[in-house]
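Got a structure here, written out as structure tokens. Questions coming.
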Amino acid sequence: MNYLKYIARTGRINQHPQGRLGTHLLLKKIPHTSEAKTILEIGCGTGHTAAILSNNPFIYYEGIDNMLEMIHFCNKRKKKLNLFNCNFKHHTKNSFPYQDNFFDIVICESVLAIQSPEQYKQIVTEAFRVLKDKGLFIFNETIWCPSTSSDTRQKINTISLSYFNIIQADESASLTSWETTLINHGFKIKHIEEIHDLEKTKYKFVINDFELKSLHYSDKMKYRTLFNPKELSLYLYFKIVNRKVKIEKGILESYIITCEKNSLTYEKP
Ligand SMILES: C[S@@+](CC[C@H](N)C(=O)[O-])C[C@H]1O[C@@H](n2cnc3c(N)ncnc32)[C@H](O)[C@@H]1O
């Protein structure tokens, strides 16, 4: 079963660390200025973050995803909610379909962790290329705790692949290896926030009209699909197998990492 295809068809959202709260914590890292901003989201999923940002006339949002079904759903959400200042592109090539130094901000959530080390490096290279100097690359991702044995990593990834057709996280990735790659590619790490053990009730955030409409739209889609026997059986299947992938506390950890493009200190290899 392909979990990503299922969430694309049913319009699911917030499939990343700390869900809605994670996205709000990430968006809080974008500096508030009166200047207009161009934002790229890598792995835009079904377009919910686009909806949160779309109400702002000072923001122009571009979303890319390597799954065509996701882009179809983004365009459906855009039409249904009358979103403006946003555009979605299907992309499967190594290089992003944008010119150099175009974006002020590049974001992603639960995208880097599921890449191979080579794909991770490629995305970091491309994020660096399309960002303006001093532009920010901000991401919300889950990786393995250093203490998680390679056996456990392998076992969980194998089960996840067979049930969901997607891994939990690249087995070789660590915070240190990610930091090294970012620095070697010209980024300066500005901030690393641990978000795996949050006391959720401590956080309050404002939900704008577009986010609310987008949440309602996804809820409506979810309930509508439950009346479809095929979708209902998939829904139950994923609910059941989710319990089988036993992820105990202390196996995975999640971070929001903010880094800045620093062209001056970077010499192209
Ligand atoms: C786990 S989902 C999270 C999506 C989004 N953050 C959300 O919560 O709805 C990961 C998304 O990244 C996309 N993706 C994975 N690898 C990608 C890549 N190399 N380039 C672009 N998109 C990618 C997937 O198709 C999927 O939509």
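One-based numbering, in listed order, for ligands and for the atoms of each. Just so it is clear, the values below take in all heavy atoms, side chains as well, and ignore hydrogens, waters and symmetry mates.
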> Does the Ser218 side chain pair with the main chain of Gly11, one donor and one acceptor, at a distance under 3.5 Å?
Replying inline: yes
>> Closer than 3.5 angstrom, by distance alone: can the side chain of Glu260 be matched with the main-chain N or O of Lys188 as a donor-acceptor pair?
In response: no
> Are Phe139 and Phe137 close enough that their ring centers fall under 6.0 Å?
Replying inline: yes
> Would you call Asp100 and Arg129 a salt bridge, using N to O less than 4.0 angstrom?
Replying inline: yes
> Cation-pi between Lys213 and Phe210: NZ/CZ under 6.0 Å from ring centre and within 45° of the ring axis?
Replying inline: yes
>> Quick check on contacts: which atoms of ligand 1 are under 4.0 angstrom from a heavy atom of Met67?
In response: 25 (O)
>> Less than 4.0 angstrom from a charged side-chain N to a carboxylate O is my criterion; do Glu231 and Arg9 meet it?
In response: yes
> At under 4.0 Å between heavy atoms, which part of His48 makes contact with ligand 1: side chain, backbone, both or neither?
Replying inline: neither
> Taking only heavy atoms of Gln15, which atoms of ligand 1 are found under 4.0 Å from at least one of them?
Replying inline: 1 (C), 3 (C), 7 (C), 8 (O)
>> Please list the nearest protein heavy atom to atom 4 (C) of ligand 1 with its residue and the distance rounded to 0.1 Å.
In response: Gly43 O, 3.8 Å
> Within the structure, does Arg12 bring an N/O atom to less than 3.5 angstrom of an N/O atom in ligand 1?
Replying inline: no
>> Quick check on the 6.0 Å ring-centre criterion: do Phe238 and Tyr3 meet it?
In response: yes
>> Does this structure show an ion pair linking Asp197 with Lys249, if we count only N-O contacts that are shorter than 4.0 Å?
In response: yes
>> Counting the benzene-type ring for Trp, do Trp178 and Tyr255 have ring centres under 6.0 Å apart?
In response: no
> Counting both backbone and side chain atoms, is some N or O of Ser110 under 3.5 Å from an N or O of ligand 1?
Replying inline: no
>> I need the nearest protein heavy-atom contact for atom 25 (O) of ligand 1: residue, atom name and distance, please.
In response: Asp65 OD1, 2.6 Å
>> If we only consider heavy atoms of Gln119, is any one of them less than 4.0 Å away from an atom in ligand 1?
In response: no
> Which heavy atom of the protein is the closest neighbour of atom 6 (N) of ligand 1, given with residue, atom name and distance?
Replying inline: His16 ND1, 3.1 Å
> Strictly under 6.0 Å, is that where the ring centroids of Tyr203 and His24 end up?
Replying inline: no
>> Could you identify the single nearest non-hydrogen protein atom to atom 23 (C) of ligand 1 and state the distance to 0.1 Å?
In response: Asn66 OD1, 3.3 Å
> Starting from atom 16 (N) of ligand 1, which protein heavy atom do you reach first, and at what distance in Å?
Replying inline: Gln115 NE2, 2.9 Å
> Between Thr46 and ligand 1, is there a nitrogen or oxygen pair with a distance under 3.5 Å?
Replying inline: no
> Any idea which protein heavy atom is nearest atom 9 (O) of ligand 1, and the distance to it?
Replying inline: Asn14 N, 3.8 Å
> Does Met70 come within less than 4.0 angstrom of ligand 1, counting non-hydrogen atoms of the residue?
Replying inline: yes
> In terms of atom number and element, which parts of ligand 1 are under 4.0 angstrom from non-hydrogen atoms of Glu109?
Replying inline: 3 (C), 6 (N)
> Which residue holds the protein heavy atom closest to atom 20 (N) of ligand 1, what is that atom called, and what is the gap in Å?
Replying inline: His91 NE2, 3.7 Å
